[in-house]
Student: 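Dumping the structure here so I can ask a few things about it.
Numbers here are sequence positions counted from 1. Everything quoted here is computed from the prediction, not taken from an experiment.
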Amino acid sequence: MKCKMYGVRILKGAETNIMDYSGNIDLDEDILKGLDMAIASLHPPCIPFGTKEEVTSCLEKVMENKYINIIGHPGDARYPIDIERLVKKAKETKTLLEVNIASLKPTSYRPGVRENLIEMLGYCKVYEAPIVLGTDAHFHLDLGMFEEGILLLEEVGFPEHLVLNTNTEMLISYISQKRLK
């Protein structure tokens, strides 16, 4: 985690697809070992929509993987989850939950995100489970555009100390701990 370009610390990372309800992902352990962090996400082309129990259990299994640091866009209502259970498991496994900015935009194709994220953030406050904001930028002008997420955090009174990507050292320290378990 010591790579720098133009004075900016670079973390090597990848978003991996969750491939089945057993919690298997599409990156091998050898690749994951070489990354500083990895996000695991549910995407319709890779895994069909499931029941609340299937999805929750699957995400719990994924969070047991010591190389997975973040669950990407967990608010998508097409993949129903027991949000309290998810937050508790995230806290237990030191896995961060993402507030995905692209999912909050009016043009998002993911239904129910705002309501699910409000509930998730409520449980994260109760259980002191940290989160990250992610832009899910697929275009360079979207990088660093966190407005929708910041407004949501302000709306629910979410504590800044639980938003780990506001401080590089805090984020790196947290994601490094999981691999040591």
Side-chain angles (χ1 to χ4, degrees), residues 1-18 23-43 58-75 81 83 86-104 117 120-154 156-181:
M1 289 199 205
K2 305 254 189 228
C3 182
K4 280 194 172 188
M5 289 181 81
Y6 307 107
V8 176
R9 180 178 268 170
I10 306 295
L11 298 177
K12 294 177 289 182
E15 181 177 16
T16 183
N17 295 299
I18 300 169
N24 292 305
I25 58 174
D26 65 351
L27 283 182
D28 294 329
E29 188 172 324
D30 288 342
I31 294 171
L32 291 167
K33 283 180 186 178
L35 300 175
D36 296 317
M37 67 180 189
I39 300 171
S41 304
L42 296 161
H43 294 112
C58 171
L59 291 174
E60 288 173 327
K61 290 172 192 166
V62 171
M63 288 189 279
E64 290 291 337
N65 183 327
K66 71 180 184 177
Y67 298 108
I68 300 300
N69 306 102
I70 301 169
I71 296 297
H73 45 75
I81 52 176
I83 296 174
L86 180 79
V87 170
K88 285 180 175 180
K89 188 67 170 186
K91 172 77 174 188
E92 174 194 325
T93 60
K94 294 198 171 293
T95 306
L96 299 164
L97 299 173
E98 179 196 39
V99 172
N100 184 282
I101 307 307
S103 298
L104 285 170
L117 287 178
M120 184 186 87
L121 291 168
Y123 285 121
C124 286
K125 284 196 305 189
V126 168
Y127 295 110
E128 289 280 307
I131 63 152
V132 292
L133 292 178
T135 61
D136 203 356
H138 289 224
F139 182 65
H140 73 281
L141 293 178
D142 290 334
L143 290 170
M145 303 305 257
F146 294 104
E147 287 80 13
E148 289 90 346
I150 292 168
L151 288 171
L152 181 64
L153 295 180
E154 289 172 351
V156 300
F158 197 78
E160 187 175 333
H161 75 275
L162 291 177
V163 185
L164 293 195
N165 57 336
T166 59
N167 179 299
T168 306
E169 295 308 318
M170 193 165 59
L171 175 65
I172 291 170
S173 172
Y174 193 86
I175 63 175
S176 298
Q177 292 174 35
K178 185 167 183 176
R179 290 186 184 208
L180 300 175
K181 287 179 112 182

Student: Answer yes or no: is there a side-chain heavy-atom contact under 4.5 Å between His73 and Val99?
Tutor: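 The answer is no, as the side chains (C-beta and beyond) never meet within the 4.5 Å cut-off.
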Student: With a 4.0 Å cut-off on N to O distance, would you call Arg9 and Glu169 a salt bridge?
Tutor: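 Yes, charged N to carboxylate O under 4.0 Å.
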Student: Are any non-hydrogen side-chain atoms of Val163 and Val132 less than 4.5 angstrom apart?
Tutor: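 Answer no - side chains too far apart.
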Student: So Leu133 and Leu153, do their side chains get closer than 4.5 Å, heavy atoms only?
Tutor: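 Yes. Closest side-chain heavy atoms under 4.5 Å.
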Student: Take Glu128 and His161, measure what side chain to side chain contact (heavy atoms under 4.5 Å, CB included) needs, and give me the verdict at the end.
Tutor: CA-CA 9 Å; Glu128 289 280 307; His161 75 275; 3.2 Å; yes
Student: Testing the basics here: between Leu86 and Pro74, what is the closest heavy-atom pair and its distance to 0.1 Å?
Tutor: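 Looking at all heavy atoms of both residues, the closest pair is CD2-CB, 4.1 Å.
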Student: Nearest 0.5 Å, what's the CG-CE distance between Asn165 and Met37?
Tutor: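 Separation between the atoms: 8.0 Å.
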Student: Roughly how far, to the nearest 0.5 Å, is the CE atom of Met120 from the CG atom of Leu97?
Tutor: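 Spacing of CG (Leu97) from CE (Met120) equals 5.0 Å.
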Student: Hey, could you give me the CG/CD1 distance between Asn167 and Ile172, rounded to the nearest 0.5 Å?
Tutor: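 Result: 9.0 Å between the selected atoms.
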Student: For the residue pair Leu164 and Tyr174, what are the closest heavy atoms and their distance?
Tutor: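 That closest heavy-atom pairing would be CD1-CG, 3.3 Å.
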Student: Between Asn24, Ile68, Leu42, which is the residue that forms a side-chain contact (heavy atoms from CB on, under 4.5 Å) with Ile18?
Tutor: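 That would be Leu42.
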Student: State, yes or no, whether a side-chain contact exists between Lys4 and Ile10 at a heavy-atom distance under 4.5 Å.
Tutor: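 Counting from C-beta outward, Lys4 and Ile10 never come under 4.5 Å.
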Student: Which heavy atom of Ala40 sits nearest to which heavy atom of Val62, and what is that distance?
Tutor: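 It is CB-CG1, 3.5 Å.
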Student: With rounding to the nearest 0.5 angstrom, report the CG to CG distance, Asn17 to Leu27.
Tutor: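 Spacing of CG (Asn17) from CG (Leu27) equals 8.0 Å.
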Student: Can you tell me if Lys91 uses its side chain to pair, donor with acceptor, with the backbone of Cys124 under 3.5 Å?
Tutor: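 The answer is no, because no donor-acceptor pair under 3.5 Å joins these two groups.
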Student: Assess whether side chain to side chain contact (heavy atoms under 4.5 Å, CB included) is satisfied between Asp36 and Asn69, documenting all intermediate values.
Tutor: CA-CA 9 Å; Asp36 296 317; Asn69 306 102; over 6 Å; no
Student: Search all heavy atoms of Gly72 against all heavy atoms of Ser41 and return the closest pair with its distance.
Tutor: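 So the two residues come closest at CA-OG, 3.4 Å.
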Student: Rounded to the nearest 0.5 Å, what separates atom CG in Leu35 from atom CD1 in Ile175?
Tutor: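 Between atom CG of Leu35 and atom CD1 of Ile175 there are 10.5 Å.
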Student: Among Glu60, Glu64, Met63, which one satisfies side-chain contact (heavy atoms from CB on, under 4.5 Å) with Glu92?
Tutor: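 One option only clears the test, and that one is Glu64.
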Student: Report yes or no: do Lys89 and Thr95 form a side-chain donor-acceptor pair below 3.5 Å?
Tutor: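 No.
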Student: Nearest heavy-atom pair of Phe158 and Ala129: which atoms, and what distance?
Tutor: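 That closest heavy-atom pairing would be CZ-O, 4.3 Å.
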Student: Between Ile39 and Ile71, is a side chain to side chain contact (heavy atoms under 4.5 Å, CB included) present by the stated rule, with each step listed?
Tutor: CA-CA 6 Å; Ile39 300 171; Ile71 296 297; over 6 Å; no
Student: Going by atom types only, do Asn100 and Glu98 share a side-chain donor-acceptor pair under 3.5 Å?
Tutor: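 On atom types as modelled, these side chains qualify, holding a pair under 3.5 Å.
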Student: Could you give the distance from CD1 (Ile131) to CG (Leu96), rounded to the nearest 0.5 Å?
Tutor: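 The CD1 atom of Ile131 sits 9.0 Å away from the CG atom of Leu96.
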